[in-house]
Amino acid sequence: MNPIAVRAKSRLHCTIVFNKRAAEQSCLALLQSCDNLPKLTQVHSHILKLGLHNNPLVLTKFTSTSSDLNAIDYASSFMFSPECDTRLYDTFLFNTVIRAYAQTNHLKTKAIEFYNLMLEYGVFPNKFTYPFVLKACAGIGVLNLGKSVHASVLKFQFDNDIHVQNTLVHMYGSSKGGIECARKVFDEMSERDSVSWSSMIGGYARFGLSTDAIDLFRKMQMSGVCPDEITMVSVLSACTDLGALDVGKWIESFIEKQRVNKSVELRNALIDMFAKCGDVDRALKLFRNMSGRTIVSWTSVIDGLAMHGRGLEAVALFEEMVGAGVAPDDVVFIGLLSACSHSGLVDKGKEYFDLMKRDFGVVPKIEHYGCMVDMLCRAGLVKEAFEFVQKMPIQANAIIWRTVISACCAHGELKLGERITKWLIGNDPMHESNYVLLSNIYAKMFHWEKKTKIREVMDKRGMKKIPGSTMIELDNEIYEFVAGDKSHNQYKEIYEMLDEMGRKMKKAGHVPTTSEVLLDIDEEDKEDALNRHSEKLAIAFALLKTPPGTPIRIVKNLRVCSDCHSATKFISKVYNREIVVRDRNRFHHFKNGFCSCRDFW
DNA sequence: TTAGGGTTAG
């Protein structure tokens with residue numbers, strides 16, 4: 001027990017008989033020293049002995065005392081025990097309980113429960129109540145719940161308070177389907193501070209509405225409200241999502257110029273942005289010069305190296321991290337295993353998978369099993385992957401099964417792929433990607449009738465394939481292309497360029513991989529369909545708009561197809577351009593006819 | 001005696 005508590009305890013014993021007021025004071029001091037359940041239980045017995053359990057001051061203190069989860073539960077259940085006089089409930093008491101639960105990771109629903117109880121007992125909420133309650137709603141992320149609390153805010157007329165408004169924006173911006181409501185609250189605010197802007201930008205960034213996030217940041221600058229380090233973290237995460245390296249670099253110089261406080265979180269966001277936007281060396285440099293690295297900093301660089309196929313460096317960095325005394329967590333193991341996966345380090349990956357639990361006490365989750373399956377599949381060990389999935393102690397999810405199916409498709413195990421996919425569709429008949437996989441398998445089998453049927457089923461059920469799209473950033477503008485896109489105002493020049501590229505590539509020896517076109521059309525049309533893939537459109541656009549010799553960077557939403565991969569190699573050679581492609585999984589650096597992934601992806 | 005926004009993976 002700490003010195004204050006000892007003093008308080010001795011005072012408590014001395015004063016029990018003399019005066020209740022002093023006992024109360026001592027009791028409060030004792031409570032102050034409580035940071036775990038056993039101490040709290042001890043103090044509870046004193047409270048009962050002294051008859052202080054009806055004292056609202058003590059009751060409140062008791063409830064708000066501990067950060068120990070069990071203690072919060074214990075304290076809040078005390079509120080509803082027979083010893084407790086409910087007439088003494090007040091707003092502050094409920095606020096403390098709600099705050100305690102809102103701050104936890106897993107008991108946020110309890111915060112809402114207590115808010116409802118508060119209303120049931122006729123205790124009025126005040127302007128402090130709603131930020132707590134809304135924060136809990138934000139953590140739960142269920143839109144209807146947040147909406148009902150919003151209705152309460154209006155009923156009790158706290159909707160003019162900027163703190164409440166900001167938390168409303170945050171709550172809607174954290175709930176699925178709530179982003180428009182967030183924007184509505186945001187637009188209707190009479191005054192906005194940096195928290196309002198950050199909450200809205202953060203909401204866009206959280207749900208992948210990254211261009212909206214960056215647009216809003218531009219508006220923020222015009223509004224005259226000064227962005228701070230928290231705003232910048234969200235803006236950077238939007239850049240990371242888009243792969244917008246130029247905007248990211250601009251943000252970095254903005255941070256320098258505006259002297260934005262470079263918190264550890266902001267440095268981490270910068271490292272992550274550079275790593276995922278294709279400049280992993282810059283990320284490494286920032287990382288090396290950084291003091292106060294956290295596990296997030298290490299994870300970002302390890303992950304970045306993994307995406308660039310620099311698996312051995314990622315492994316070395318992981319070892320360095322362990323050597324530096326940083327305990328690895330489950331997230332860093334995902335990066336490490338995916339580094340092994342992307343670089344074909346199968347044995348190393350297996351080794352780490354075994355020792356993560358044994359040596360570091362990190363229990364593998366579904367994602368780690370997913371990495372292992374991915375690793376085996378990439379290495380062409382489809383049957384081993386299948387067996388691995390069957391032996392897993394936890395049930396495989398659809399993502400893992402789809403990994404296996406794709407590998408079946410790529411490595412000619414079509415029958416097995418068909419079997420798994422049919423089973424998967426039986427379990428989840430409304431997931432469109434299962435149908436896409438099955439239809440691809442039938443195309444590879446040349447079963448065109450079956451393939452057509454699948455497409456018909458999809459149409460009937462209103463399901464659509466996610467279209468492949470490619471983004472490119474030129475002069476701080478972001479352009480997006482989909483296959484066969486003609487929406488761009490320079491599309492005629494782009495298509496002329498495509499024809500030229502096709503001719504030059506053929507001359508250099510490129511043979512289109514027409515088996516990638518999973519349509520029942522003749523070979524010439526297949527070539528045409530390949531030529532209109534979104535990445536080729538983006539590259540053609542870049543060749544048109546940038547001076548010779550400058551590197552081209554593009555970002556794909558799906559994995560790059562093998563024809564585009566082979567074509568890009570030829571383009572890099574024919575046009576003497578370095579081309580950096582970020583696809584859904586990793587980076588490909590094309591230079592002089594070769595790709596950094598060594599055709600391993 | 002209490003209030004709002006941020007980072008890694010999936």
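The chains referred to below are lettered A, B, ... by the order of the sequence lines, with proteins before strands, and numbering in each begins at 1.
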Of the options [options], whose atoms approach the side-chain atoms of [X] most closely?
X: A:Asp228; options: B:dG10, B:dT2, B:dG5; result: B:dG5
X: A:Arg206; options: B:dG5, B:dG10, B:dT1; result: B:dG5
X: A:His170; options: B:dT2, B:dG5, B:dT8; result: B:dG5

When you compare the ring of A:Phe92 with the six-membered ring of B:dT1's base, are the centres less than 5.5 Å apart and the planes under 30° from each other?
yes
What nucleic acid atoms does [X] come within less than 4.0 Å of, heavy atoms only: base, sugar-phosphate, or nothing?
X: A:Asn95; value: base
X: A:Ser199; value: sugar-phosphate
X: A:Ser237; value: nothing
X: A:Thr129; value: nothing
X: A:Lys365; value: nothing

With salt bridge (charged side-chain N to carboxylate O under 4.0 Å, His left out) as the test, would you mind laying out the steps for A:Lys108 and A:Glu113 before giving the verdict?
CA-CA 9 Å; A:Lys108 293 186 196 292; A:Glu113 256 172 54; over 6 Å; no
Fit a plane to each ring of A:Phe114 and A:Phe94, take the angle between them on a 0 to 90° scale, and name the class: parallel (under 30°), tilted (30 to 60°) or perpendicular (over 60°).
tilted
Is a donor-acceptor contact shorter than 3.5 angstrom present between the side chain of A:Ser263 and the base of B:dG6?
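Result: at least one qualifying N/O pair found.
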Using only modelled atom types and a 3.5 angstrom limit, is any donor from either the side chain of A:Thr299 or the base of B:dT8 paired with an acceptor on the other?
yes
Measure the SG-NZ distance between A:Cys239 and A:Lys276 for me, rounded to the nearest 0.5 Å.
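Result: 13.5 Å between the selected atoms.
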Can you check the [X] [atom1] to [N] [atom2] distance for me, whole Å?
X: A:Phe132; N: B:dA3; atom1: CZ; atom2: P; value: 5 Å
X: A:Phe94; N: B:dT1; atom1: CZ; atom2: C1'; value: 17 Å
X: A:Gln165; N: B:dA3; atom1: CD; atom2: P; value: 19 Å

Going through the checks in order, is the salt bridge (charged side-chain N to carboxylate O under 4.0 Å, His left out) test met by A:Asp374 and A:Arg378?
CA-CA 6 Å; A:Asp374 187 60; A:Arg378 272 172 210 272; 2.7 Å; yes
